[in-house]
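Right, one structure below, let's go through it.
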Amino acid sequence: MKILVINCGSSSIKYELFNMEEHTVLTSGVLERIGESNSKLKHKWRTVGSRLDEKIYEQKIKDHQQAFDLIHRAMRESKVMKDLSELAAVGHRVVHGGEAFKQPALIDDTVLEGVRKVTPLAPLHNPANLTGIEIAMKIMPNIPHVAVFDTAFHQTIPEYAFRYALPEDLYQSHGVRRYGFHGTSHYYVAKQAAHHLNESLHSLNLITLHLGNGASAAAIRQGECMDTSMGLTPLEGLIMGTRSGDIDPAIPFYLAKQTHLSFADIDNLLNKQSGLKGICGYNDMREIHLQAQNGNSSAQLAIEMYCYRIKKYLGAYCAVLGRVDAIVFTAGIGENADFIREKVCDGLDGLGICLDTEKNQWLGSDCTDISTAGSPVKILVVPTDEEWEIAQQTLSLVVSG
Ligand code: ADP
C-alpha cells in the first residue's frame, strides 16, 4: 500500500512516498524557491536493488500549480509508480487546526472550510497548506486526502494551561489561547520512547524536546499532552534559530516607542532576527558550536542561553507531571548535538536526571538511552519522522473509514 505525504509551504513543497507494509521511502523530494527565477527540485527515488537515485530540476517555477506539475513529471520520469491510482491515500501536513481539529480529518468541503476559518491564526502557513491540498485533489480526485494537524496532539492540554491571563473575550471571540505546534513530532517520539522502554505510552510520563530550527517542549502524561512551550503562534517558549521564544510581552511596546519600528518590523525582528541569530549572528547550531570552540564569546553565550531556557522548561514540566519517566531529545539539534544535551542535563541529578556522558557521545541511528544505568529518569535520543507519522495517521483514518 502506497501513501504520499505532502508538506506544502508558501515557497517550498516537500513530499515523501511510502510503501506502508515495508516502511520504506520509495521517493522523496524538496522543491524550493517557488515564485523565484532559480527554483529547484531535488527528487530522489529508490531503484531496483534499493539504490537511491537523485535528479535535480532547475527552472523557473512561477506558482504552486507549476510546482505540482513538475513533481508529477519527476515521479513519472523516475517510474516510481505506473499510475497515480496506485496510491491508497495522500496525507497533508496542516500547521493549524485550531480547536476544531483534535484528530486527522478526511478532507471534504467542510474540512477545507474549517482550515480556512483558522487561517488568521496561521496566516503564513494555512493558506499554503490549503493551496497544496486543492491542487493535489485536482490532480488526484479519486484518492482519499487526509489533513494531519500540527496542533492536534496538544488539544488535550487543560484549560488552566492553554488559557492566557487576558480578558476572556479575547479567547471567546478571537481564539487567543495556547495551541502548540510540532504535535506530530512530539506524539511520534513519545510512542517510539514507549516502545524502546517496553512500556505502554499510557503508563508513562514524558517530557519531549523537539530541538530543530524551531523548538518546543511538551509535557505528556500517560499519552496525553498536558502543556507545551509554543503558544498562539510558534514564537513562544524555547530559544530557536531565529525566534526569540519567551520575552517580556511589554518589549514590543517599548521598542515601538523607543525605535519607531512598525508592528511588521517588530514581528520580523522577533521571528526572523532573534533567537540564536540575534544573540550571536548565526542560527545554525553547527556553526555556533564551531564559533564557540574558537573563542567567540557571543556564540558561547548563545549556547548558554539556549540550554538555560530548556532547563527552565524541564524544571517546570517536572513540576507539571509530578513524576517523570523519561526525557526525549529529538530533531536536528536534539538528535545530533551532544554538547547541548550535556549542558541541558548538567546539574539535574537532584531531579533524578543523570546523563551518561560517554553514551551521550556515541549514538546509533535508532532510539538510544543515554542515561546512567541507575538514573531514575531515563534520557532518550529518538530520531523524529513526522512524514512517517503523517502517513501512518492517514492510513489508519482511511482503513477505519
Ligand atoms: P527544521 O526545524 O528545519 O526541520 P532540523 O530539525 O533539521 O530543522 O534542525 C536544524 C538544526 O539542527 C540546525 O540548527 C542544525 O545546525 C542542527 N544540527 C544538525 N546536525 C547537527 C550536528 N551534527 N551538530 C549540531 N547541530 C546540528
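What's counted below: heavy atoms across the whole structure, side chains too, no hydrogens, waters or symmetry copies. This one's a predicted model, so the numbers in the text were calculated from it and none came from an experiment. Whatever order the structure lists them in is the order used to number ligands and atoms, beginning at 1.
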field: Worked check of salt bridge (Lys or Arg N to Asp or Glu O under 4.0 Å) between E224 and K102
entry: CA-CA 12 Å; E224 294 202 334; K102 301 184 191 324; over 6 Å; no
- prompt: When you look for protein heavy atoms under 4.0 Å from ligand 1, which residues do they belong to?
  reply: G212, N213, G214, N283, D284, M285, R286, A331, G332, I333, N336, A337
field: Neighbour count >12 (heavy atoms, 6.0 Å) for atom NZ, K44
entry: no
task: State which residues pass ring pair (Phe, Tyr, Trp, His ring centres under 6.0 Å) with Y313; sequence neighbours excluded, sorted by chain then number.
output: Y317
query: In chain order, what residues pass the side-chain contact (heavy atoms from CB on, under 4.5 Å) check against T131, with sequence neighbours excluded?
result: H64, I135
task: Tell me, please, which residues at least two apart from R163 pass side-chain contact (heavy atoms from CB on, under 4.5 Å).
output: E159, E168, Y171
task: Compute whether any side-chain donor of one residue and acceptor of the other, for S78 and H43, lie under 3.5 angstrom apart.
output: yes
